[in-house]
*Asks:* 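First, the structure itself, so that you have it in front of you.
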Amino acid sequence: MSTVFALFWLARSGKMISKHLRKRESFQLFPRPPFHFDATFHKPSHFPAPITAWEPGFYWMTLHLGPSICGLRIENAGSKRKPTLKVSVFSDHRILHSEVVALKTELTWRFDLDADLNDFEKAALIDARFRPVFRRWRGTRDSWHGTLYELLVISVLLQNATVRRSVQMLQALLDAFGKRVQFDSKDLCVMWEPAHMRGVSEGDLRALRLGYRARFLNRLSLDFANGTVDEIELRTMDLDRARKELTKLYGVGPETARILLYPACHQHERLRHVAPWQQKIYSRIFYEKPLVPVPKILSDLNKRYGTFAGLATHYVWEDLFWRHQHKSIPWLAKEIRL
DNA sequence: CATCAGGGCCCTG
DNA sequence: CAGGGCCCTGAT
C-alpha cells in the first residue's frame with residue numbers, strides 16, 4: 001500500500017487526529033430505585049455508533065461540555081437498594097465545579113435517573129403474558145445518551161433507508177465533521193455541533209451520499225445553530241405541544257417526532273404512531289400474526305398499558321432485540337435487513 | 001442489466 | 001388528503 005493511499009485511507013476513516021483525554025474528575029449519581037444499569041444504557045435495537053460503548057456494568061460516551069469535549073465512563077457501583085453510578089470525567093483541561101453540576105443535571109435528565117416507575121410497575125406486573133419481561137428489565141429507562149440534535153441527526157439518517165445505509169451515512173458525517181478522542185482505553189467519536197455546519201452546504205452533504213436528506217440536515221443544523229429550537233424549553237412542554245413543535249421542523253414528520261419525543265420530554269404516554277416496520281414486529285410479538293392493522297395495535301396496547309404504553313412497548317421491544325443479539329431470531333433478522 | 005423498496009417527508013393537485 | 005418524487009444501495 002502506498003503511503004499516499006494509506007494516508008488517504010486513514011483520513012477517510014477518521015483515524016487521523018485522535019485527541020487523548022485524561023481523567024480529571026469523578027462523582028456519583030443515585031438513580032431512583034428500581035434501576036437497571038445495563039438496559040438503561042445499552043439499547044440493543046439501536047444501531048451501534050462509535051460514540052458510545054458498553055460492557056456489562058460499564059458505559060462510555062462522549063459529549064460537548066461547553067466549548068470543549070469530554071469522555072465519560074459510567075460504572076454500575078451500587079446495590080439494588082441503593083443504585084449508584086460512578087462517573088469519571090476525561091478531558092484535556094481541569095473540570096470546574098460548575099461543570100460537574102451541569103453534568104449531573106444533564107445525565108440525570110438524559111438517562112431519566114429520577115424517573116418514578118411505581119405506577120408503571122403496578123400496571124406491568126398484572127400483565128400475565130409479559131410479566132417475565134417486565135420483571136427481567138425492571139428499572140429500565142427509555143433513554144438517549146446525547147442531545148436532541150444528535151438524535152435528530154440519527155433519525156433523519158434512518159428515514160427511508162436500510163440500517164446499513166444509515167450507518168454508512170453516519171460514518172461519512174463523523175469522518176467529515178466529528179472528532180476522535182481516546183480515553184480510558186476507548187477510542188470514540190464526538191459528534192459535531194450544529195454551529196459547525198454553518199459553512200457546510202447542501203451540496204457538501206450530498207457529496208457524502210446523504211441523498212435528499214442533505215437538505216434536511218442542512219436546514220435542521222441551521223435551525224439549531226440559530227436557536228430556533230430550544231431543547232431545554234421543549235423538556236418542559238407537555239407531549240402534545242412538544243410533538244407539535246418538533247413536527248414544525250423541516251424533515252420531521254410523525255415517525256421522526258415519535259423517535260425524538262421521549263428523549264425530548266421524558267414523560268410517559270400512550271402510543272400515537274406506529275411505523276410500517278414496527279407494525280410488522282408488533283404484530284409478531286403481540287399477536288403472533290404477520291400484519292395487524294395499526295389502529296387495532298394502538299387501541300389494544302393503549303387499553304392494556306394506559307399512559308405507560310410507550311414504556312411497556314419499549315421493554316418488550318428491547319427484550320426482543322436483546323434475545324436476538326444473543327441468539328438470532330430469523331424472522332426479525334429478515335425485518336432488520338442489515 | 002433493469003427494477004424496486006427501504007425504520008419518511010415535502011409538495012402538489 | 002392522496003400520491004408522486006426524492007438520493008442511494010443492495011436484493012432480486
Side-chain angles (χ1 to χ4, degrees), chain A residues 12 43-49 142-144 146 148-176 197 200-224 228-229 242-264 271-286 290-295 297-298 301 310 313-314 316-322 324-325 328-338:
Chain A
R12 276 294 304 162
K43 303 297 182 187
S45 81
H46 295 189
F47 73 76
D142 193 352
S143 60
W144 165 250
L148 179 64
Y149 172 77
E150 289 166 342
L151 186 56
L152 183 53
V153 169
I154 304 274
S155 35
V156 165
L157 300 185
L158 286 169
Q159 290 174 9
N160 209 31
T162 54
V163 174
R164 179 192 304 239
R165 186 146 131 71
S166 303
V167 170
Q168 279 171 1
M169 291 187 281
L170 179 60
Q171 192 59 56
L173 284 165
L174 286 173
D175 289 346
M197 296 296 243
V200 180
S201 69
E202 183 186 331
D204 295 335
L205 296 174
R206 276 179 186 264
L208 299 176
R209 329 230 112 215
L210 296 202
Y212 61 83
R213 296 166 202 80
R215 178 181 288 144
F216 293 173
L217 198 56
N218 188 40
R219 283 178 56 168
L220 289 167
S221 298
L222 291 180
D223 281 346
F224 273 75
T228 312
V229 188
R243 176 182 286 106
K244 221 159 146 191
E245 289 302 312
L246 290 171
T247 310
K248 280 184 197 163
L249 295 171
Y250 190 70
V252 177
E255 172 60 5
T256 305
R258 184 199 63 77
I259 296 174
L260 298 175
L261 261 176
Y262 194 87
L271 289 184
R272 303 298 186 82
H273 180 257
V274 176
W277 79 292
Q278 298 168 326
Q279 181 191 7
K280 291 182 207 161
I281 293 177
Y282 285 169
S283 301
R284 278 310 267 263
I285 53 186
F286 290 112
L291 209 60
V292 176
V294 167
I297 295 179
L298 286 175
L301 291 178
T313 45
H314 176 69
V316 176
W317 183 269
E318 293 299 333
D319 176 69
L320 177 74
F321 278 80
W322 186 282
H324 174 61
Q325 203 170 56
S328 174
I329 300 173
W331 68 263
L332 183 60
K334 218 165 130 192
E335 292 301 341
I336 298 172
R337 263 198 56 209
L338 271 183

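Chain identifiers are assigned alphabetically (A, B, ...) following the order of the sequence lines, protein sequences preceding nucleic acid strands; residue numbering begins at 1 within each chain.
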*Asks:* Remember a base hit wins even if backbone is also touched, and classify A:Q168 as base, sugar-phosphate or nothing at under 4.0 Å, heavy atoms.
*Replies:* sugar-phosphate
*Asks:* Could you tell me how far apart A:Q278 (CD) and B:dG6 (C1') are, to the nearest whole angstrom?
*Replies:* 14 Å
*Asks:* Sort by first number and list every stem of DNA chain C: at least 3 consecutive Watson-Crick or G-U wobble pairs, both distances under 3.5 Å.
*Replies:* B:2-6 with C:8-12, B:8-13 with C:1-6
*Asks:* Any donor-acceptor pair under 3.5 Å between the side chain of A:R209 and the base of C:dC7?
*Replies:* no
*Asks:* What nucleic acid atoms does A:T256 come within less than 4.0 Å of, heavy atoms only: base, sugar-phosphate, or nothing?
*Replies:* sugar-phosphate
*Asks:* Using the P atom as the reference point in each nucleotide, state the distance between C:dC7 and B:dT12 in Å, no decimals.
*Replies:* 14 Å
*Asks:* Relative to the 5' end of DNA chain B, which residue comes earlier, A:H46 or A:V252, by the nucleotide with the nearest heavy atom?
*Replies:* A:H46
*Asks:* Enter the distance from A:I329:CD1 to A:L320:CG here, rounded to the nearest 0.5 Å.
*Replies:* 4.5 Å
*Asks:* May I have the distance from A:L217 (atom CG) to C:dC7 (atom P), rounded to whole angstrom?
*Replies:* 15 Å
*Asks:* Distance check, rounded to the nearest 0.5 Å: A:I154 atom CD1 versus A:T256 atom OG1?
*Replies:* 12.0 Å
*Asks:* Taking the nucleotide of DNA chain B with the nearest heavy atom to each, does A:K280 or A:E255 sit closer to the 5' end?
*Replies:* A:K280
*Asks:* Which is it for A:T313 and A:F286 under the side chain to side chain contact (heavy atoms under 4.5 Å, CB included) test, yes or no, and what are the steps along the way?
*Replies:* CA-CA 10 Å; A:T313 45; A:F286 290 112; 4.0 Å; yes
*Asks:* Using 30° and 60° as the class limits, which term best fits the ring planes of A:W277 and A:W317: parallel, tilted or perpendicular?
*Replies:* perpendicular
*Asks:* In whole Å, I'd like the distance from the CG atom of A:L158 to the P atom of B:dA5.
*Replies:* 21 Å
*Asks:* Once you apply a heavy-atom cut-off of 4.0 Å, does A:I154 come out as touching a base, just sugar-phosphate, or nothing?
*Replies:* nothing
*Asks:* Can you list every pair that meets side-chain hydrogen bond (donor to acceptor under 3.5 Å, both in side chains) and has a residue in residues 207-220 of chain A, with sequence neighbours left out?
*Replies:* A:N160-A:Y212
*Asks:* Looking across every strand, which nucleic acid part, if any, lies under 4.0 Å from A:T247 by heavy atom: base, sugar-phosphate, or nothing?
*Replies:* nothing
*Asks:* Measure across A:A275 and A:Q278 and return the closest heavy-atom pair with its distance rounded to 0.1 Å.
*Replies:* N-OE1, 2.7 Å
*Asks:* Measuring only the P atom in each nucleotide, how far is B:dA5 from C:dG4? A whole number of Å is fine.
*Replies:* 12 Å
*Asks:* Grab the N/O contacts between the protein and nucleotides 3-6 of chain C below 3.5 Å, and write none if there aren't any.
*Replies:*
none

*Asks:* What contact category does A:R164 fall into here, base, sugar-phosphate, or nothing, at under 4.0 angstrom with non-hydrogen atoms?
*Replies:* sugar-phosphate
*Asks:* Is A:E318 salt-bridged to A:K43, going by a charged N under 4.0 Å from an acidic O?
*Replies:* no
*Asks:* Give me the ring orientation class for A:Y149 and A:F224: parallel if the planes are under 30° apart, tilted from 30 to 60°, perpendicular past 60°.
*Replies:* tilted
*Asks:* Tell me whether A:S166 contacts the main-chain N or O of A:L157 through its side chain, where contact means a donor paired with an acceptor under 3.5 Å.
*Replies:* yes
*Asks:* C:dG10 P sits how many Å from A:R165 CZ, rounded?
*Replies:* 9 Å
*Asks:* Would you check if A:L260 and A:S155 make a side-chain contact, meaning some heavy-atom pair closer than 4.5 Å?
*Replies:* yes
*Asks:* A:L170 CG to C:dC8 P: how many Å, rounded?
*Replies:* 18 Å
*Asks:* Find the distance A:R215:CZ to C:dC7:P and express it as a whole number of Å.
*Replies:* 7 Å
